[in-house]
Structures are given as C-alpha cells and as structure tokens.
Amino acid sequence: MTVVTRFAPSPTGTLHIGGARTALFNWLFARNKAGRFLLRIEDTDRARSTPEAVGAILDGLGWLGLDWDGDAQSQFDGVQRHAEVAQRLLAEGKAYQCFCTPDELSEMREAARREGRSMRYDGRWRDRDPASAPSGVDPVIRLKMPQEGATVIDDQVQGEVTVANDQLDDLVLLRADGTPTYMLAVVVDDHDADVTHVIRGDDHLTNTFRQFQIYRSLGWEAPAFAHVPLLHGSDGSKLSKRHGALGVGEYRDQGYLPEAMRNYLLRLGWSHGDDEIIDTEHAIAWFTLDAIGRSPARFDKERLDSLNAHYLRHADDGRLTDLVMTGLAANSARNIADEALNRLIMGMPGLKERATTLLDLTDSAAFYAQSRPLSLGDKAAKLLNDTTLGHLKGLRDPLVELKEWSDEAIEVLVRRFAEDEGLKLGKIAQPLRAALTGATVSPPIFEVMRVLGQEETLGRLDDVLGGI
RNA sequence: GACCCCAUCGUCUAGAGGCCUAGGACUCCACCCUUUCAAGGUGGCAACACGGGUUCGAAUCCCGUUGGGGUCACCA
C-alpha cells in the first residue's frame, strides 16, 4: 500500500513555522516511503478564509521546497459530499437530528460549569422522535457516540492513548445551515483521498477520539495517527508573534536560507543520534515517526542563526551573488555594473564565510559593488589620519609597479613595505582596509585587493589620498 | 474545573536497567591561529523537576506530587 500524507492548513493567516514543521514532517515521511504528499486547504470557514492566506501558504511551501503531489484541494469543494455522508449516517440510524436552540446549549454549558462537570451535550434529542420537534428550528445532525467502553488510539508518536467513551459527547456533523463541521470534513476528505498517515499538531489529539468514532460509524478504516508536539516560544509559553511565530515569508525576508530553515525545523523535536547538520537527502533517508520527541520544543533564534551561517558558507557563489544583487538593487535603486557583479562573484567565498544572514551578507558585500568615491564609515574615517595616509601614499608607487596581481604577490609586497617602514602589518593593513572597503571589518585585505583589481584598488587609494 | 499529553545542561537533544564520572549541538568564557571580522582548533561553565517504590543495580520501569502544554463550539 502506498503511503499518503497530507498537510491541511486553514487559510486564515500566513504559514507560520509551526505549520511549516508539520508540513515538513508530512513531506519527509511521504518521500521516505516513496508515497504521496497532498495539500488540502481547509477553507470551510468562509468568513475567515482569504485568498491572500492561500497564496501565503503556497508561497511558503514553495520557498521551503516542499512540493505536493497533484493539485491543492479546497475542502469547501466537498460540502456536497460531506452532507451526503451525514445524511447516510442519519438514514442508518447512526446519527440523529437535534433541535436544540443556541440558547438551550449555552444554558447546558452554563449548568455544567456550575456543577464543575465537563461541558458536554447531554444527548437530549438522541432518542427523541423528530416529530416532536419545535417548529421554526432547523436541526443539526449529531453522531451517536458509544456511551460505554473506551476509545483507544495507537498514536505513532504519543503511543497508546485511551479515553473513556463517557467523556465523548454527540458531536455535530452537519450544521443547521447544512454545512459540514470540521470533524466530518476531515474524516471524509482523508478517507476519500486514501490518506494513510495523518501527521499533525498535538492540539488535534483529543479531537482524534471523536474522528475515530466517525470512521467507525462509517465502517471505514482509520488512518494511522501521529501527533507531533506543538512549538513553544522562547520563554516556554504558547508560540506567538513576539516569540518568532512569524510567517516563513518573514524569515525569507530576514535573510534566512530555506535549507537552513528546513534543517532547523527538522531538528526541533526530531533527532538522529548526534547528527546536527542534515541535508535534505539524508533527512528523507533517515526520517521516521518514532524518532519524533514527545515533549514540546521551544523556538531558538540563535540556533537558527548558527545553522543559517553554516548553510551560507556552503552555498553556491553564483546563487548567493544573485540573491545579494537583488538586495543591493533594492537598496540603491540603481543598476549594478557588470564589473561590480564580477567582483561580487569573486569576492563571495570570503564574504559568505563571515555572514549570518543574507541581509548582512548583502551589507558586507556592498563595498565591492559601490562606485568611486567610496563613502567611508565613521570608524574607517578615523583610521585615516595624516600618519596613516602617509603610509598609504608610500605604498602607492610599489603597488603601481606590481606586475602580478595575486593574493600572494600583494601580500609579499605589503609585508615588505611594512617591514621597511618598521611597522607592524596591522598598522598598514587597517588603513588600507578603511580606504578600500570604507569599513574596519572585511574579508582578508589581500583578497579584497585582488578582487578589486589593480586599477580599482589604486583608484580608491587615490580617492582618500586626494587631500595630500 | 474535567479529560488527555509531556518532563535530561539556559535552548535543541543523545540515552530505550549496568557501556553514564550522563554524550553532542547552539549560546557564553578562555586559549591557539591571525592584517580586521569570521571560520577552524583546544579547553571550560552547565542537566537527569521532586518524593516514594521495584531491582543486586534506575536518567531509563511503576505510583504520587509539582510544573508545563493541549482539548472541551453549529472554528478549523
């Protein structure tokens, strides 16, 4: 039997990282089993669902590289089918019509609350003749839950979970307006799509008992369930916006790489021995449900940063250059010369070694792309005084005459110059860095000079030397 | 409140009765390397929530306590 998993978000907001992790686990499991990974948009709540949210979810999944099989389904398209199933259950006597008014129900809840009981529907219409129904009240259809015994779920993550059936009340299948509830819709959709493994957030665990009974009443085989613990904020509280529950799109905008995000999300609640850096190929090969932890994990930005820095260092130079160019173009609103592009590609190995996010990679790369004269930062400007400018002036001529413009040749020349002047290398390297990059921090200075090229290097030197 | 789930360094985790003097990673600190900043290397700080059992032996099994989370809708 081929494994079928699905990700079923409701389109009421962005794809936040908790949802992204659920999607990742489903995707990984399906790929590991050479199965299918489906996407279903649970949009039956017409008031809260928006096309923008659907777009955000699709974009987020696309960015993360989580491709789904077939077309994304809309749950709303199945309302007809859902209603038919509910009617079938009614006809078979496994469900019944309930004519309670909203007021009656809230009274029931109120009473239960007062008596410190669990708030459950008391089943007052379960065995009552519909003929005795009050006029003017549209009925809902409720499922007849078993009243004795217990329901047991053999969860792939949580283990065997049991709940006494007297804890379960007769849930609503079809609303008074004829639309299906979520409980009915998921069951029908998962069954119709031949879903074999339902991997979803922990918050659905207790709902599963109810859904399990719907499967049973319908005579359908229930899929395997795997409830993964929810993500928490950095302080252990429920994940909220201020704790990092941003949409994945916002992480993209903050300069994170999708592969870093994937690795980070994977290791949150899942492990494979001591492995930390796990590429997608290995993630697919190694992923199993039983390695998912049972306790909730907290979101930790520093860990994400560290992973991102790692993937940045190992990313392809051409790809990073494209990404940086986009950022640079957005910043300067100016076209970037071919020359600058070349420098960016050549300088990328030294640049990416030092960056944490795409944003600071872009910042630190800017000096390569800038045209003369460079604007100097405060610290850099401070480094250039009469003394240091004097040194740079002295270095200029030998630089002009240098025939071979390589890291090594430049280094030999500069070192000899410093030695001749009785200076420590740093005394000449830092002013040089300031003049050439406009900053006090950069990739190794000889590498910078090589990438800049002889002409540009001398030009930038002349720019700061102009005054003397 | 009722029901369900969870509990190892600050964080993510390894650990499935003796291999544990509890390992790795992130963070932090020190040192090395060094033209800056990183990266890298070496070393360090740091945990089995608590209380009872079971056992020759428990981080691992059982019970309780405490703490955290989730669910209790004609939302999904």
[X]/[Y] aromatic ring centres below 6.0 Å:
X: A:F287; Y: A:F25; value: yes
X: A:Y264; Y: A:F299; value: yes
X: A:H204; Y: A:Y182; value: yes

Using Watson-Crick or G-U wobble geometry with both distances under 3.5 Å, which nucleotide pairs with [N]?
N: B:G67; result: B:C6
N: B:C28; result: B:G44
N: B:U21; result: none

Taking atom [atom1] in both [N] and [M], compute the distance separating them and give it to the nearest angstrom.
N: B:G57; M: B:G68; atom1: P; answer: 35 Å
N: B:G18; M: B:C9; atom1: C1'; answer: 24 Å
N: B:C6; M: B:C61; atom1: P; answer: 11 Å
N: B:G40; M: B:C56; atom1: P; answer: 50 Å
N: B:G15; M: B:C74; atom1: C1'; answer: 48 Å
N: B:C19; M: B:C28; atom1: C1'; answer: 31 Å
N: B:C48; M: B:C20; atom1: C1'; answer: 10 Å
N: B:A47; M: B:A25; atom1: C1'; answer: 15 Å

Need one value for [X]: base, sugar-phosphate or nothing, where a base atom within 4.0 Å counts as base even if backbone is also close, heavy atoms only.
X: A:A297; value: sugar-phosphate
X: A:V140; value: base
X: A:S10; value: sugar-phosphate
X: A:L230; value: sugar-phosphate
X: A:H204; value: base
X: A:R313; value: sugar-phosphate
X: A:C98; value: nothing
X: A:E302; value: sugar-phosphate
X: A:E411; value: nothing
X: A:R142; value: sugar-phosphate
X: A:T44; value: sugar-phosphate
X: A:G269; value: sugar-phosphate
X: A:L268; value: sugar-phosphate
X: A:Y264; value: nothing

Strictly by modelled atom types, are [X] and [Y] linked by a side-chain donor-acceptor pair under 3.5 Å?
X: A:T151; Y: A:Q213; answer: yes
X: A:N308; Y: A:T357; answer: no
X: A:T280; Y: A:R262; answer: yes

- Report the C-alpha distance between A:R415 and A:E419 in whole Å, list the side-chain angles of each, state the deciding distance to 0.1 Å, and finish with yes or no for salt bridge (Lys or Arg N to Asp or Glu O under 4.0 Å). CA-CA 6 Å; A:R415 277 188 190 278; A:E419 208 174 304; over 6 Å; no

Atom [atom1] of [X] to atom [atom2] of [N]: distance rounded to whole Å?
X: A:I410; N: B:U35; atom1: CD1; atom2: P; result: 16 Å
X: A:R450; N: B:U35; atom1: CZ; atom2: C1'; result: 16 Å
X: A:L304; N: B:U27; atom1: CG; atom2: P; result: 12 Å
X: A:R46; N: B:A76; atom1: CZ; atom2: P; result: 11 Å
X: A:L425; N: B:C33; atom1: CG; atom2: C1'; result: 15 Å
X: A:D177; N: B:A73; atom1: CG; atom2: C1'; result: 14 Å
X: A:D202; N: B:A7; atom1: CG; atom2: C1'; result: 14 Å
X: A:K379; N: B:U35; atom1: NZ; atom2: P; result: 20 Å

- Item | Nucleic acid contacts - residues 182-192 of chain A versus RNA chain B, non-hydrogen atoms under 4.0 Å |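 Of all residues in residues 182-192 of chain A, the ones placing a heavy atom under 4.0 Å from RNA chain B are A:Y182, A:M183.
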
- Identify, residue by residue, the members of residues 345-364 of chain A with a heavy atom below 4.0 Å from RNA chain B, and return them in order of residue number, or none.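 Correct list: A:E353, A:R354.
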
- Sub-3.5 Å donor-acceptor pair from the side chain of A:S74 to the main-chain atoms of A:I41, do we have one?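 No: the side chain of A:S74 does not pair with the backbone of A:I41.
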
Check this for me: does the side-chain of [X] come within 3.5 Å of the base of [N] through a donor and an acceptor?
X: A:R303; N: B:U27; answer: no
X: A:N207; N: B:A76; answer: yes
X: A:D274; N: B:G23; answer: yes

- Query: More 5' along RNA chain B: A:R433 or A:G293, using each one's nearest nucleotide?
  - Reply: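 Nearest-nucleotide comparison on RNA chain B picks A:G293.
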
- Task: Would you mind telling me which residue lines up with the more 5' stretch of RNA chain B, A:T179 or A:G426, judged by nearest nucleotide?
- Result: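 Nearer the 5' end of the strand: A:G426.
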
- Give me the one residue out of A:T208, A:D203, A:N207 that meets side-chain hydrogen bond (donor to acceptor under 3.5 Å, both in side chains) with A:H227.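 Filter result, single survivor: A:T208.
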
- Distance (rounded to the nearest 0.5 Å) between A:R298 CZ and A:H232 NE2: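 Going from the CZ atom of A:R298 to the NE2 atom of A:H232 covers 8.5 Å.
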
- Distance (rounded to the nearest 0.5 Å) between A:L257 CG and A:N263 CG: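 Reported to 0.5 Å precision, the distance equals 11.5 Å.
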
- Go through the steps for A:R343 and A:E447 under the test salt bridge (Lys or Arg N to Asp or Glu O under 4.0 Å), then give the verdict. CA-CA 11 Å; A:R343 285 187 217 132; A:E447 175 185 321; over 6 Å; no

- Give a yes/no answer on whether the side chain of A:S271 brings an N or O atom under 4.0 Å of OP1 or OP2 in B:A14.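 For B:A14, OP1/OP2 do have a side-chain N/O of A:S271 under 4.0 Å.
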
- Message: So, does A:R415 get its side chain near the phosphate of B:U35, meaning an N or O under 4.0 Å from OP1 or OP2?
- Response: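 A:R415 to B:U35 OP1/OP2: side-chain N or O found under 4.0 Å.
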
- Task: Return the nearest nucleotide to the side chain of A:Q430; candidates are B:U13, B:U35, B:C4.
- Result: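 Of the candidates, B:U35 comes closest.
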
- What residues, two or more places apart in sequence or in another chain, satisfy side chain to side chain contact (heavy atoms under 4.5 Å, CB included) together with A:E404?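 A:E404 satisfies side chain to side chain contact (heavy atoms under 4.5 Å, CB included) with A:S406, A:A409 once adjacent residues are dropped.
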
- Query: Are A:D170 and A:K144 within salt-bridge range, i.e. N to O under 4.0 Å?
  - Reply: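 No, no charged N to carboxylate O under 4.0 Å.
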
